[in-house]
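All residue numbers in this chain count up from 1 along the given sequence.
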Amino acid sequence: MTAYRRVGVRTCLVVLLLSGSATLAGCTVRYAVDQGALYYNRHQIDRADRKLSRVVDKDPTNWRGLYYLGLVRLEQDRPRDAELLLERSLSLHSDAPETPQILDGLAEALYRQNRTANLFAVLEHATEYYGTSYDFTRQGKYMAKSGDPDAALLAFKKAVRFADPRDPTPYLAMADFYEQVGDVPNAITALRHAYTILPNDPFLAERFRRHGIVPGPSLTVEPGS
């Protein structure tokens, strides 16, 4: 028995002992989804497909199984099938910590099908319903990829506005955007904001060096500037 299987079985037994409402069948399903997710993360796509397909066939309301099988379908270049699975997962798990990742997958599935109107509707709904910096960052990335730089820039600015002051993510996304459109001065400005938050990040330092800039304290910016 592998170490992973031993841990999974031990976890099931603990759950069964501690919770009178837990069932062996439910624990088995959770373990199967965990295995499928592990295969996916290891890029063992065929094994993940077999494991997760069985889960979804037996329990079409298992949001995690639907989510990971949707990601598998994206890896298999089957975006329409991925869209249907991820939509079902989202409908079952629309207000949870994992919801942003489900939306990421759904947006990618729509983008790969070139269904721009549907993609924009999903992105807009996410920003209106959830309204987090992450939602606006996602919107900006796909607006840029879809050829709407003005809408992308507006979304990135909103992402910065709603971000945690300790989160460099929207600034890095904005820097990526500016670099893509050839606006180096504004890309450097965005990187400086990220550098103020993460002054010791080696990857950020390397990005400055690619622009011929030596990282140092002079790159930091005042809060609110």
Q: Ala194 and Leu172: which non-hydrogen atoms are nearest, and at how many Å?
A: CB-CD2, 3.8 Å
Q: Measure the acute angle between the ring planes of Phe208 and Tyr195, then classify it against the limits of 30° and 60° as parallel, tilted or perpendicular.
A: perpendicular
Q: Tell me, do Arg138 and Lys141 make a side-chain contact under 4.5 Å, heavy atoms counted?
A: no
Q: Taking only residues at least two apart or on different chains, which pairs with a member in residues 81-90 satisfy side-chain hydrogen bond (donor to acceptor under 3.5 Å, both in side chains)?
A: Arg78-Asp81, Arg80-Glu83, Glu83-Gln113, Glu83-Arg115
Q: Nearest heavy-atom pair of Ala173 and Thr137: which atoms, and what distance?
A: CB-CG2, 3.7 Å
Q: Who else is in Phe162's hydrophobic cluster (ILVMFWY, side-chain heavy atoms under 4.5 Å, direct or via others)?
A: Phe136
Q: For Val56, is there any backbone N or O sitting under 3.5 Å from a side-chain donor or acceptor partner on Asp59?
A: no
Q: Near Arg210 CZ, under 6.0 Å, is it more than 12 heavy atoms from other residues, nucleotides or ligands?
A: yes
Q: Arg73 and Ser53: which non-hydrogen atoms are nearest, and at how many Å?
A: NH2-OG, 3.5 Å
Q: Mind running side-chain contact (heavy atoms from CB on, under 4.5 Å) on Leu74 and Arg112 for me, showing each step along the way?
A: CA-CA 9 Å; Leu74 284 175; Arg112 292 192 192 182; 4.0 Å; yes
Q: List the atom of Leu123, the atom of Ala107, and the distance in Å for their closest heavy-atom pair.
A: CD2-CB, 4.3 Å
Q: Distance from Ile188 atom CD1 to His193 atom NE2, nearest 0.5 Å?
A: 12.5 Å
Q: Spell out, yes or no, whether Leu86 and Leu84 are grouped together once hydrophobic residues are joined by side-chain heavy atoms under 4.5 Å, including indirect joins.
A: no
Q: Just by distance, do the side chain of Arg192 and the backbone of Val221 share a donor-acceptor pair under 3.5 Å?
A: no
Q: List the steps and the verdict of side-chain contact (heavy atoms from CB on, under 4.5 Å) for Met174 and Lys157.
A: CA-CA 8 Å; Met174 184 179 284; Lys157 288 181 176 179; 4.0 Å; yes
Q: Give, for atom OH of Tyr39 and atom CD of Gln44, the distance between the pair rounded to the nearest 0.5 Å.
A: 7.0 Å
Q: Do the side chains of Tyr67 and Gln101 get nearer than 4.5 Å, heavy atoms only?
A: yes
Q: Going through the checks in order, is the side-chain contact (heavy atoms from CB on, under 4.5 Å) test met by Arg64 and Glu98?
A: CA-CA 9 Å; Arg64 286 187 71 233; Glu98 300 86 0; over 6 Å; no
Q: Taking only residues two or more places apart in sequence or in another chain, which ones pass side chain to side chain contact (heavy atoms under 4.5 Å, CB included) with Ala175?
A: Ala190, Leu191, Arg207
Q: Does NZ in Lys145 sit with more than 12 non-hydrogen atoms of other residues, nucleotides or ligands closer than 6.0 Å?
A: yes
Q: Under 30°, 30 to 60°, or over 60°: which ring-plane class applies to His125 and Tyr129, parallel, tilted or perpendicular?
A: parallel
Q: Do Tyr134 and Asp104 get their side chains close enough for a donor-acceptor pair, meaning under 3.5 Å?
A: yes
Q: Quick one: does Leu119's side chain get under 4.5 Å of Val122's, heavy atoms only?
A: no
Q: Ile197 vs Tyr171, test: side-chain contact (heavy atoms from CB on, under 4.5 Å). Steps then yes/no.
A: CA-CA 10 Å; Ile197 300 169; Tyr171 290 111; 4.1 Å; yes
Q: State, to 0.1 Å, how close Ala144 and Ala152 come at their nearest heavy-atom pair, and which atoms those are.
A: N-CB, 3.6 Å
Q: Mind checking whether Tyr130 and Ser94 have side chains closer than 4.5 Å, heavy atoms only?
A: yes
Q: CZ of Arg47 to CD of Gln35: how many Å apart, nearest 0.5 Å?
A: 8.0 Å
Q: Leu103 versus Leu90: any side-chain heavy-atom pair under 4.5 Å?
A: yes
Q: Which pair of heavy atoms, one from Gly36 and one from Lys51, lies closest together, and at what distance?
A: N-CG, 3.7 Å
Q: Can any side-chain N or O of Tyr178 pair as donor or acceptor with the backbone N or O of Thr189 at less than 3.5 Å?
A: no
Q: Has the side chain of Ser146 got a donor or acceptor atom that lies under 3.5 Å from a matching backbone atom of Met143?
A: no
Q: Could you tell me whether the side chain of Asp167 reaches within less than 4.5 Å of the side chain of Pro165, counting heavy atoms only?
A: no
Q: Would you say Asn118 and Thr116 make side-chain contact, with heavy atoms under 4.5 Å?
A: no
Q: With rounding to the nearest 0.5 Å, note down the distance linking OH in Tyr40 to CG in Asp49.
A: 12.5 Å
Q: Using side-chain heavy atoms (C-beta onward) and a distance below 4.5 Å, is Ser133 in contact with Val160?
A: no
